[in-house]
Number of protein chains: 2
Amino acid sequence: MVPVSDLTSHLGYWLRYVSNHVSHEFARKLEERGVTVAEWVLLRGLYDIKPASPSHVAERLGMTRGAISKLADRLIDKRLVERRANPDDARAQTLSLTQGGRALVPELASLADKNDSEFFGHLSLGERQLIQRILEDVVKRRDLKAIPTS
Amino acid sequence: MVPVSDLTSHLGYWLRYVSNHVSHEFARKLEERGVTVAEWVLLRGLYDIKPASPSHVAERLGMTRGAISKLADRLIDKRLVERRANPDDARAQTLSLTQGGRALVPELASLADKNDSEFFGHLSLGERQLIQRILEDVVKRRDLKAIPTS
DNA sequence: TCGATGTAGTTTCCTAGTCAACAATAAGGG
DNA sequence: CCCTTATTGTTGACTAGGAAACTACATCGA
């Protein structure tokens with residue numbers, strides 16, 4: 001009846017809604033390990049790339065340098081990440097995990113697995129793959145559009 | 001090789017990633033109308049329910065009362081929403097759109113349509129419906145779990 | 001009727017993330 | 001060489017949103 005499209009007719013709305021709730025529940029699980037969702041993402045990101053510059057990490061994770069800067073601050077306070085100067089370039093730095101940070105990642109990963117399966121475990125493998133494929137595809141399309149405009 | 005699951009193996013990660021980017025681009029579009037994504041959600045929510053209490057709105061939109069309280073403040077400053085006292089109960093209030101707020105909603109709706117189709121327009125109808133169905137389903141399952149525990 | 005309990009909104013504090021301005025440093029061009 | 005321009009990372013201002021404390025009011029039970 002209304003000539004105005006409903007909130008719930010947009011996939012963006014559902015994505016945002018579900019994403020908020022999934023992240024929120026994951027945050028609750030991570031709490032007992034004293035870590036937040038964003039911190040998990042950075043820790044996991046540093047786990048398999050060797051010491052990397054904040055800029056590099058930012059691009060890899062699709063965040064801004066500012067966000068990484070603040071995140072790194074918190075993780076350094078928690079002794080999970082180290083920031084080191086680069087002798088070749090006084091502007092540059094490298095981030096890497098501490099021993100403690102590295103040890104923590106597998107535990108957090110298992111919480112992530114658990115959370116994901118709580119929310120999406122009831123889906124068939126095919127459904128999960130389809131969604132993931134579609135979401136990855138959306139990211140790729142945006143990147144193609146976004147990069148040239150810089 | 002690594003015994004630790006990858007970030008990108010979790011649907012929650014992709015949801016969060018894509019959702020952030022979709023919302024961000026939508027925010028950019030809304031900017032010219034002087035409105036944010038969350039504000040759009042509240043405006044649209046008020047568009048077809050008649051004057052409603054903040055609590056009611058909060059539950060409908062899956063947010064906390066605190067969030068609605070702050071959002072309403074901003075929208076009232078912008079003269080898009082009105083807050084009125086309830087004569088029957090001095091604690092209670094009702095939120096409703098102003099003339100200007102009501103007039104704005106259809107314009108915002110068309111921006112929402114445009115944004116959604118930029119990101120998801122390339123998908124087949126079937127794919128869109130599948131994703132939406134799955135996301136709605138996740139919400140339903142969680143709600144069933146969440147309500148009884150209160 | 002009055003005290004205990006419950007409920008509506010607001011406020012404060014925190015994490016999260018963007019943007020834009022900034023300082024420091026690097027790299028090139030004349 | 002120096003001056004301009006580009007790049008690195010940090011910071012401050014802002015929106016966003018949950019949690020929990022708090023105020024004001026309502027309601028129920030003895």
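Labels below follow one simple rule: chain letters A, B, ... track the order of the sequence lines, proteins then strands, and each chain is numbered from 1.
- In this structure, B/L42 places its CG atom 11 Å from P of D/dA16, rounding to the nearest Å.
- Here the C1' atom of nucleotide C/dA16 and the NE2 atom of A/H24 are 13 Å apart, to the nearest Å.
- A cation-pi arrangement is found for B/R102 relative to B/Y47, the charged atom lying closer than 6.0 Å to the ring centre and inside a 45° cone about the ring normal.
- Across D/dT7, D/dA26, D/dT11, the shortest atom-to-atom separation from the side chain of B/A90 is found for D/dA26.
- When the nucleotides D/dG18, D/dG17, C/dT25 are ranked by their closest atom to the side chain of A/R16, D/dG17 comes out on top.
- With hydrogens and angles ignored, no donor-acceptor pair under 3.5 angstrom links the side chain of A/R91 to the base of D/dG9.
- With distances taken from any side-chain atom of A/T64 to the nucleotides D/dA16, C/dC19, C/dT10, the minimum falls on C/dC19.
- Of the candidates D/dT8, C/dA8, D/dG17, D/dT8 carries the atom nearest the A/R65 side chain, counting heavy atoms from C-beta on.
- Among the nucleotides D/dG17, D/dT10, C/dA8, the one closest to the side chain of B/A92 is C/dA8.
- Across all strands, B/R83 comes closer than 4.0 Å only to sugar-phosphate atoms, never to a base (heavy-atom distances).
- Summarising the geometry, the separation between CD1 on A/I76 and P on D/dG9 is reported as 12 Å, rounded to the nearest angstrom.
- In this structure, A/Y17 places its OH atom 16 Å from C1' of D/dA16, rounding to the nearest Å.
- Checking D/dT11, C/dG9, C/dT11 against the side-chain heavy atoms of A/K70 singles out D/dT11 as nearest.
- Following rounding to the nearest Å, A/D73 (CG) and C/dT15 (C1') show an atom-to-atom distance of 13 Å.
- Taking the side chain as every heavy atom from C-beta outward, B/S96 and B/R84 approach each other to under 4.5 Å.
- By the 4.5 Å heavy-atom criterion applied to side chains, A/L95 and A/E82 are not counted as neighbours.
- The side chain of B/A67 lies closest to D/dG17 when the candidates are C/dT10, C/dA8, D/dG17.
- Closest to the side chain of B/Q93, from the set D/dT10, C/dT15, C/dG9, is C/dG9.
- Residue B/D89 contributes atom CG, which lies 6 Å from atom P of D/dT27 at whole-angstrom precision.
- Using a 3.5 Å distance cut-off with no hydrogens or angles, the side chains of B/H10 and A/N115 do not pair a donor with an acceptor.
- For A/S55, the listed nucleotide lying nearest its side chain is D/dG9; candidates were D/dG9, C/dA16, C/dT11.
- Closest approach to the B/P54 side chain among D/dT11, C/dG9, C/dT18 is made by C/dG9 (side chain taken as heavy atoms from C-beta onward).
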